[in-house]
**Student:** 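Here you go, one structure.
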Amino acid sequence: RFFHLAHDYENPLDKLPRVWQAYLAVKRQQGPTVRKHPITPEMCDWLDAKQASLGLVGIIKRAARYLAIYLGCRCSEYLGPEIHWEKIILVSCVRPMRKGQYCSWSDDFDGCMVTFRGSKTDQYNEGCKRYIGRTGNLRCAVAAFHEWYALTPEHFEDSSDRPMFVMPNGKVLGRIEVQADFRLAARAFDLPEERIGTHSCRVSCATWLYQAGYSLEYIKRHGRWSTNVAHVYLWEGTGHHDMVKRMSEVKFKLHAHMT
């Protein structure tokens, strides 16, 4: 039922009243779905500081964390241990860019173009591309990639067919480890850690964009949502607290009152 509705197909239970009644009864018994909370900027700052002493491990985790948040990555698109080879971001899927042009990892790149090979929105089978640039602050995936390349350039130059986020031990960064990091950060801020998971990065992408003032249609396109299910990923926050002030200062004349 969920996938039918998510892709604008007819509800398969509409013509099955008894099944529908049983479904609603199960839903009432289970209670409402528990939504995941987004990762907050403060949680990222805390993790960045805590993992700064981990060397290459901390740098790789920082690069993965910000790429996942800024691009709304699904777990299968960048994490292990089970590798979905048709989806996971490979080294060759991330290309450095400088001043709007592709360049080499050894250059002073100011952004990266990421190709999602298994995107639901790739209707023309050309790959779904998303760009991330320098942020100018510490929450920067591009800066993390620069640090990573400086330590292990061979990862970027000789292994384009391997997953991007391979740790120094040779294993792909795993879901359990990433979730443990996020929940540790949640605990540090007295937040409900059971509401935090690896899918929180995707929630964070939508929520951070929403709090930054981007429209729902832009959020859907950037995060690769094909329907309005993106509403589920939006959480309210202080990003819109100036809404009333902005409304109070608007200046206009209503056309209907003009003579």
**Student:** Determine, stepwise, if the pair I219 / L234 fulfils side chain to side chain contact (heavy atoms under 4.5 Å, CB included).
**Tutor:** CA-CA 10 Å; I219 294 171; L234 304 180; 4.1 Å; yes
**Student:** Any salt bridge between D181 and K61, counting N to O under 4.0 Å?
**Tutor:** yes
**Student:** Between OG1 of T135 and OH of Y70, what distance do you get to the nearest 0.5 Å?
**Tutor:** 5.0 Å
**Student:** Please give me the minimum heavy-atom distance between G197 and Q179, naming the atom from each residue.
**Tutor:** CA-OE1, 3.6 Å
**Student:** What pair of heavy atoms forms the shortest contact from C44 to Y66, and how long is it?
**Tutor:** CB-OH, 3.4 Å
**Student:** Distance from L79 atom CG to I89 atom CD1, nearest 0.5 Å?
**Tutor:** 9.5 Å
**Student:** Let me confirm one number: the CD1-OG distance from I83 to S76, rounded to the nearest 0.5 Å.
**Tutor:** 12.0 Å
**Student:** Counting distance only, does the side-chain N/O of H155 pair as donor-acceptor with the main-chain N or O of M164 below 3.5 Å?
**Tutor:** yes
**Student:** Decide if atom CD of Q101 counts as having more than 12 heavy atoms of other residues, nucleotides or ligands within a radius under 6.0 Å.
**Tutor:** no
**Student:** What distance separates C73 SG from R65 CZ, expressed to the nearest 0.5 Å?
**Tutor:** 13.5 Å
**Student:** Tell me if a side-chain donor or acceptor on S215 pairs with a main-chain N or O of Y218 at a distance below 3.5 Å.
**Tutor:** yes
**Student:** I60 versus F165: any side-chain heavy-atom pair under 4.5 Å?
**Tutor:** yes
**Student:** Got more than 12 heavy atoms from elsewhere within 6.0 Å of OH, Y131?
**Tutor:** yes
**Student:** Taking S104 for its side chain and S106 for its backbone only, find out whether a donor-acceptor pair lies under 3.5 Å.
**Tutor:** no
**Student:** Between V172 and G80, which heavy-atom pair has the shortest distance, and what is it?
**Tutor:** CG1-N, 3.6 Å
**Student:** Atom CD of E217 and atom CZ of R221: how far apart are they, to the nearest 0.5 Å?
**Tutor:** 10.5 Å
**Student:** For Y210, give me all partners under ring pair (Phe, Tyr, Trp, His ring centres under 6.0 Å), at least two apart in sequence or on another chain.
**Tutor:** H240
**Student:** Restricting to ring pair (Phe, Tyr, Trp, His ring centres under 6.0 Å), what partner residues turn up for Y102, sequence neighbours left out?
**Tutor:** none
**Student:** Kindly say whether R246 contributes a backbone atom to a donor-acceptor pair with the side chain of E249 at under 3.5 angstrom?
**Tutor:** no
**Student:** Would you confirm whether T152, through its side chain, and E154, through its main-chain N or O, come within 3.5 Å as a donor-acceptor pair?
**Tutor:** no
**Student:** Hey, would you say the H199 and Y233 ring centroids sit under 6.0 Å apart?
**Tutor:** yes
**Student:** Are the side chains of T115 and R95 in contact, using a 4.5 Å heavy-atom criterion?
**Tutor:** no
**Student:** Check for a donor-acceptor pair, side chain of R117 on one end and backbone N or O of W85 on the other, with a separation under 3.5 Å.
**Tutor:** yes
**Student:** For atom CD of Q29, decide whether the heavy atoms of other residues, nucleotides or ligands shown that lie under 6.0 angstrom number more than 12.
**Tutor:** no
**Student:** Do H231 and L216 make a side-chain contact, defined as non-hydrogen atoms from C-beta onward lying under 4.5 Å apart?
**Tutor:** yes
**Student:** Does S204 reach the main-chain N or O of I39 with its side chain, forming a donor-acceptor pair under 3.5 Å?
**Tutor:** yes
**Student:** Got a donor-acceptor contact below 3.5 angstrom from the S200 side chain to the I196 backbone?
**Tutor:** no
**Student:** Under 4.5 Å between any side-chain heavy atoms of L71 and H222, yes or no?
**Tutor:** yes
**Student:** Could you check whether R183 pairs with E194 (Lys NZ or Arg NE/NH1/NH2 to Asp/Glu carboxylate O, under 4.0 Å)?
**Tutor:** no
**Student:** Can you tell me how far apart CG (N228) and NZ (K220) are? Round to the nearest 0.5 Å.
**Tutor:** 4.0 Å
**Student:** Please report the C-alpha distance between D48 and R139 in whole Å, then the side-chain angles of each, then the deciding distance to 0.1 Å, and finally whether the salt bridge (charged side-chain N to carboxylate O under 4.0 Å, His left out) criterion is met.
**Tutor:** CA-CA 8 Å; D48 290 348; R139 301 170 190 153; over 6 Å; no
**Student:** Looking at Q211 and W235, what are the two nearest heavy atoms and their distance?
**Tutor:** NE2-O, 2.9 Å
**Student:** Please report the closest heavy-atom contact between P163 and I88, naming both atoms and the distance.
**Tutor:** CB-CD1, 3.9 Å
**Student:** So, does R134 use its side chain to make a donor-acceptor pair with the main chain of A141 at under 3.5 Å?
**Tutor:** no
**Student:** Between R130 and F116, is NZ or CZ placed under 6.0 angstrom from the six-membered ring centre and within 45° of the ring axis?
**Tutor:** no
**Student:** Give the C-alpha distance, both sets of side-chain angles, the deciding distance and a yes or no for side chain to side chain contact (heavy atoms under 4.5 Å, CB included) between I69 and W208.
**Tutor:** CA-CA 9 Å; I69 289 175; W208 287 28; 3.9 Å; yes
**Student:** Using side-chain hydrogen bond (donor to acceptor under 3.5 Å, both in side chains) as the criterion, list what pairs up with K36, not counting sequence neighbours.
**Tutor:** none
**Student:** For F109, give me all partners under ring pair (Phe, Tyr, Trp, His ring centres under 6.0 Å), at least two apart in sequence or on another chain.
**Tutor:** W105, H146
**Student:** Is it true that atom CG of L138 has more than 12 heavy atoms of other residues, nucleotides or ligands lying nearer than 6.0 Å?
**Tutor:** no
**Student:** Report yes if the side chains of C128 and R224 come closer than 4.5 Å at any heavy-atom pair, otherwise no.
**Tutor:** yes
**Student:** Where do A64 and L173 come nearest, in terms of heavy atoms and distance?
**Tutor:** CB-CD2, 3.8 Å
**Student:** Are side-chain heavy atoms of H84 and E82 found at a separation under 4.5 Å?
**Tutor:** yes
**Student:** For E147 and L56, run side chain to side chain contact (heavy atoms under 4.5 Å, CB included): C-alpha distance rounded to whole Å, both residues' side-chain angles, the deciding distance at 0.1 Å, then the answer.
**Tutor:** CA-CA 8 Å; E147 296 174 37; L56 181 58; over 6 Å; no
**Student:** Identify whether NZ of Lys or CZ of Arg in R62 sits under 6.0 Å from the centre of the six-membered ring of W148 and within 45° of that ring's axis.
**Tutor:** no
**Student:** Considering only heavy atoms from C-beta outward, does the side chain of V94 approach that of M113 to under 4.5 Å?
**Tutor:** no
**Student:** Looking at residues at least two apart in the chain, or sitting in another chain, which of them share a side-chain hydrogen bond (donor to acceptor under 3.5 Å, both in side chains) with E193?
**Tutor:** R187
**Student:** Is the count of non-hydrogen atoms from other residues, nucleotides or ligands lying under 6.0 Å from L54 atom CG greater than 12?
**Tutor:** yes
**Student:** Judged by atom type as modelled, is there a donor-acceptor pair below 3.5 Å linking the side chain of R195 to the main-chain atoms of R35?
**Tutor:** yes
**Student:** Is the shortest side-chain heavy-atom distance between M97 and C112 below 4.5 Å?
**Tutor:** no
**Student:** Which residues pass the side-chain contact (heavy atoms from CB on, under 4.5 Å) test with S53, not counting sequence neighbours?
**Tutor:** none
